[in-house]
Amino acid sequence: MALNLKNIPWEDRLEGSDQVIWRYSKNPIIKRNPVKGVARIFNSAVIPYKGSYIGVFRAETTETLPHLRLGYSKDAISWEIDSKPIEFIDEEGKTYNPNYAYDPRLVLIDDTYYIIWCTDFFGPTIGLAKTKDFKTFIRLENSFLPFNRNGVLFPKKINDEFLMLSRVSDNGHTPFGDIFLSSSKDLTYWGKHRHVMSKGGKGWWQGLKIGGGPAPIEIDIGWLLIYHGVTQTCNGYVYSMGVAILDKDEPSKVLYRAKDYILTPEKDYETTGFVPNVVFPCSVLVDYETNRVAIYYGAADTYVAVAFSTLDILTEFAIKNNELVNRDHELEK
Ligand code: BMA
């Protein structure tokens, strides 16, 4: 997450290019059938750990059930994926595995790593677990009501409270959805819900629904949020990536939000796969010293891909292309 990480994956932007983010030339970094019994790995999260990298991967079995698996890497590009799913226990130490699990985010707060994912509790909702060593994973029980997805924890407490972005959904492919913020002192009881961002805007790419992506990145002027926006076409949904900046102390306030997407499916590995036309960001590696950002995203529900940018480029883009679509927030207070 947000550390000085000199060895994060990196490629320079092509000379003369004005792209906001640019794809790794060797994408995708995880291809089909990467491990025995696993057909596809996509929407996944990585984090630095003990001098190298660890990841929590969304793996889809050959019987087509999503679950979470650990992976290890020295360079955050080439990954060795575990042969078995992550095993969770409850706070008493009893086995407590989800029936399915997808779209993980991975966040370090103080000395504890948190995994947030979409779990099953009478329908999809947000699951939460913690680990200090990536060996024992303690699952916190039923943090959220169904139906909810895209739980994204902030990487630090604000005013002594944990903050979670989420997107209320339905039991299926949810044709609606805004981003909300909830607070908790103990990760068990959540409240003080606030509306953050509406779907929509003048452009159509985020007209159907939006959802948080990687954990927000702390920058001088606020929190940089990379998120996904979805449009509906006659051939199904198209998932793109957008950027916004949230207020540092009151992150339910949107300071800037770019009206244009920063990435949309264009490459074959994004437009063709199990679900065509999906780019779905779940994590970032940031090197504050050089300003470099490596964004990990799922492509076409089939691959893991990486794209690069810098904090300056993303910030400038959000400010220059600002279009606030936050009408409800103004009504709230
Ligand atoms: C969403 C989630 C994501 C997936 C996307 C596109 O509802 O299920 O995991 O990438 O749909 O299929």
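The model shown is predicted, which means the values in this text are computed figures rather than measured ones. Just so you know, ligand 1 is whichever comes first in the structure, and atom 1 is the first atom listed for that ligand.
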K.L.:
With a 4.0 Å heavy-atom cut-off (strictly under), which part of H173 contacts ligand 1: side chain, backbone, both or neither?
P.N.:
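None of H173 does.
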
K.L.:
Counting only heavy atoms, which portion of T174 has something under 4.0 Å from ligand 1: side chain, backbone, both, or neither?
P.N.:
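No part of T174 comes within reach of ligand 1.
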
K.L.:
Is the closest side-chain heavy-atom distance between T174 and F147 below 4.5 Å?
P.N.:
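No; the side chains remain at least 4.5 Å from each other.
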
K.L.:
Using heavy atoms and a threshold below 4.0 Å, how should the contact between Y239 and ligand 1 be classified: side chain, backbone, both, or neither?
P.N.:
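Answer for Y239: side chain.
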
K.L.:
Before accepting this row, confirm whether a basic side-chain N of the pair K132/D111 lies closer than 4.0 Å to the acidic partner's carboxylate O.
P.N.:
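Looking at D111 together with K132, the answer is yes, because their closest N to O distance falls below 4.0 Å.
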
K.L.:
If we only count N/O pairs under 3.5 Å, is Y102 in contact with ligand 1?
P.N.:
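No, since none of the N or O atoms of Y102 sits under 3.5 Å from an N or O of ligand 1.
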
K.L.:
According to the interplanar angle, ranging from 0 to 90°, do the rings of F162 and Y114 count as parallel (below 30°), tilted (30 to 60°) or perpendicular (above 60°)?
P.N.:
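Plane angle over 60°, so perpendicular.
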
K.L.:
For the 3.5 Å polar cut-off, considering only N or O atoms, please tell me whether D301 and ligand 1 meet it.
P.N.:
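So ligand 1 has an N or O lying under 3.5 Å from an N or O of D301.
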
K.L.:
Measure the distance from atom 9 (O) of ligand 1 to every protein heavy atom, then report the residue, atom name and distance (to 0.1 Å) of the closest one.
P.N.:
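The answer is R58 NH1, 2.6 Å.
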
K.L.:
Using ring-ring contact (aromatic ring centres under 6.0 Å, His included) as the criterion, list what pairs up with W10, not counting sequence neighbours.
P.N.:
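ring-ring contact (aromatic ring centres under 6.0 Å, His included) list for W10, sorted by chain: W22, F308.
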
K.L.:
So if I count the atoms of ligand 1 from 1 in the order they appear, which ones are less than 4.0 Å from some heavy atom of D103?
P.N.:
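So the answer, numbered in order with elements, is 2 (C), 3 (C), 9 (O).
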
K.L.:
Would you please test Y227 and R167 for side-chain hydrogen bond (donor to acceptor under 3.5 Å, both in side chains) and show each step?
P.N.:
CA-CA 11 Å; Y227 65 98; R167 212 273 311 288; over 6 Å; no

K.L.:
Quick one: which ligand 1 atoms are inside 4.0 Å of a heavy atom on R149?
P.N.:
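That gives atoms 7 (O) of ligand 1.
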
K.L.:
Write down the atom of L165, the atom of P216, and the distance for their closest heavy-atom approach.
P.N.:
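So the two residues come closest at CD1-CG, 4.3 Å.
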
